[in-house]
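Along the sequence shown, the residues carry numbers beginning at 1.
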Amino acid sequence: VEDDVSTPEVMMAFYRRLYPFKAVFAWLNHQHGPTRLFTHREFAFTLPGDVYLRYNSFSTSEEMRKQVMRLNPSRFEIGAIYNARPRDKKTLRAGALQPLQRELVFDIDMTDYDEIRTCCSGKGICKRCWGYIAVAVKILDASLRVQFGFKHILWVYSGRRGIHCWVSDVEAMILTDEQRKAIMGWLEVIKGGQDMAKKVNVRGPQNRAALHPSLRSVLPIHLVIFTLMISQDSCSDLSK
């Protein structure tokens with residue numbers, strides 16, 4: 001019988017022994033001493049029984065660590081930076097607490113490739129189909145650096161079947177919702193959603209005979225990797 005890694009005992013051991021509170025603080029805070037990038041940032045906790053606690057904020061990484069150890073959440077989410085400390089929300093007038101900044105985040109999930117991967121589907125993951133995620137990481141990372149000039153990019157395993165990309169450049173953190181959608185639109189080559197016919201647009205908007213500029217600069221990357229993936233004959237399921 002496989003161990004349930006989401007039990008309170010396992011989560012407590014994870015937070016006590018493995019979770020890098022100081023490293024997460026340094027990454028979010030951008031400096032050694034606490035700044036508004038950390039003290040005014042919202043953290044949301046999910047507790048047993050589907051209890052969801054929003055508007056938590058902390059002054060230091062040690063304060064955050066103690067709260068996490070006390071609550072032992074099954075998961076917690078890192079939110080935006082506000083104009084005031086989120087934990088003071090109840091003392092502010094209605095609507096006064098407003099988000100000001102947040103990282104530009106991309107979420108890539110293995111199930112996004114169910115239409116094209118032939119080795120696994122759903123929750124199944126093997127070395128071969130994980131190669132699609134590897135291709136996506138290399139292409140998106142190159143696009144963000146070359147086409148948009150972003151430098152502070154962090155790739156994090158989502159803990160399930162995918163990966164997250166966090167862009168922490170100041171220029172990225174102050175983007176409006178419309179600007180974020182514009183970046184997504186520029187990078188998007190597959191349109192549609194669940195149970196919808198997917199439409200792939202790899203041609204440039206001005207020249208239908210030319211490859212879209214968002215793909216042109218990274219073409220050598222995915223050609224090499226996809227060639228390697230196609231050459232793989234075996235499938236070793238990592239989910240078993």
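- Between the OG1 atom of T7 and the CE atom of M12 there is a distance of 11.0 Å, given to the nearest 0.5 Å.
- Between R145 and D141 there is a salt bridge, with a side-chain nitrogen of the basic residue lying less than 4.0 Å from a carboxylate oxygen of the acidic one.
- Note: R70 CZ to N72 CG = 11.5 Å, rounded to the nearest 0.5 Å.
- Around atom CE of M184, no more than 12 heavy atoms belonging to other residues, nucleotides or ligands sit under 6.0 Å away.
- The pair R87-E63 meets the salt-bridge criterion, since a charged nitrogen lies less than 4.0 angstrom from a carboxylate oxygen.
- Checked by atom type and distance alone, the side chain of R85 never pairs as donor or acceptor with a backbone atom of S57 at under 3.5 Å.
- When all heavy atoms of W27 and S168 are compared, the closest pair comes out as NE1-OG, 3.4 Å.
- Taking CG from N83 and CD1 from I81, the interatomic distance works out to 11.5 Å, rounded to the nearest 0.5 Å.
- Distance CD/Q67 to CG/L53: 8.5 Å, rounded to 0.5 Å.
- Closest approach of R41 and L28 over heavy atoms only: NH2-O, 3.5 Å.
- For E42 (side chain) and Y55 (main-chain N/O), a donor-acceptor pair under 3.5 Å exists by modelled atom type.
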Review point. Yes or no on side chain to side chain contact (heavy atoms under 4.5 Å, CB included) for L187 and S143, after CA distance, side-chain angles and deciding distance?
Key: CA-CA 8 Å; L187 297 170; S143 297; 3.8 Å; yes
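- Although no hydrogens or angles enter the test, the distance criterion places no donor-acceptor pair under 3.5 Å between the side chain of R102 and the main chain of M173.
- Transitive grouping of hydrophobic side chains (ILVMFWY, heavy atoms separated by less than 4.5 Å) keeps V170 and L37 in distinct clusters.
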**Study point:** Check against side chain to side chain contact (heavy atoms under 4.5 Å, CB included), F106 and I163
**Key:** CA-CA 8 Å; F106 298 87; I163 196 165; over 6 Å; no
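- Of the possible donor and acceptor atoms, one in the side chain of N29 sits under 3.5 Å from a partner among the backbone N and O of G33.
- A 6.0 Å sphere centred on CG of D50 holds no more than 12 heavy atoms belonging to other residues, nucleotides or ligands.
- For the pair S74 (side chain) and T46 (backbone), a donor-acceptor distance under 3.5 Å is present.
- For the residue pair Q98/Y82, the side-chain donor-acceptor check at 3.5 Å is not satisfied.
- L71 and M64 fall within a single hydrophobic cluster, where Ile, Leu, Val, Met, Phe, Trp and Tyr side chains are chained together by heavy-atom contacts under 4.5 Å.
- Distance check: I174 CD1 to L104 CG gives 12.0 Å after rounding to the nearest 0.5 Å.
- Here F76 and Y19 bring their ring centres to under 6.0 angstrom of each other.
- Shown here for P73 and Y15, the closest heavy-atom pair between the two residues is O-OH, 2.9 Å.
- Annotation for F38 and S61: closest pair CE2-N, 4.2 Å, computed over non-hydrogen atoms.
- For F43 and F58, the ring centers are positioned less than 6.0 Å apart.
- Between the CZ atom in F150 and the SG atom in C165 there is a gap of 10.0 Å [rounded to 0.5 Å].
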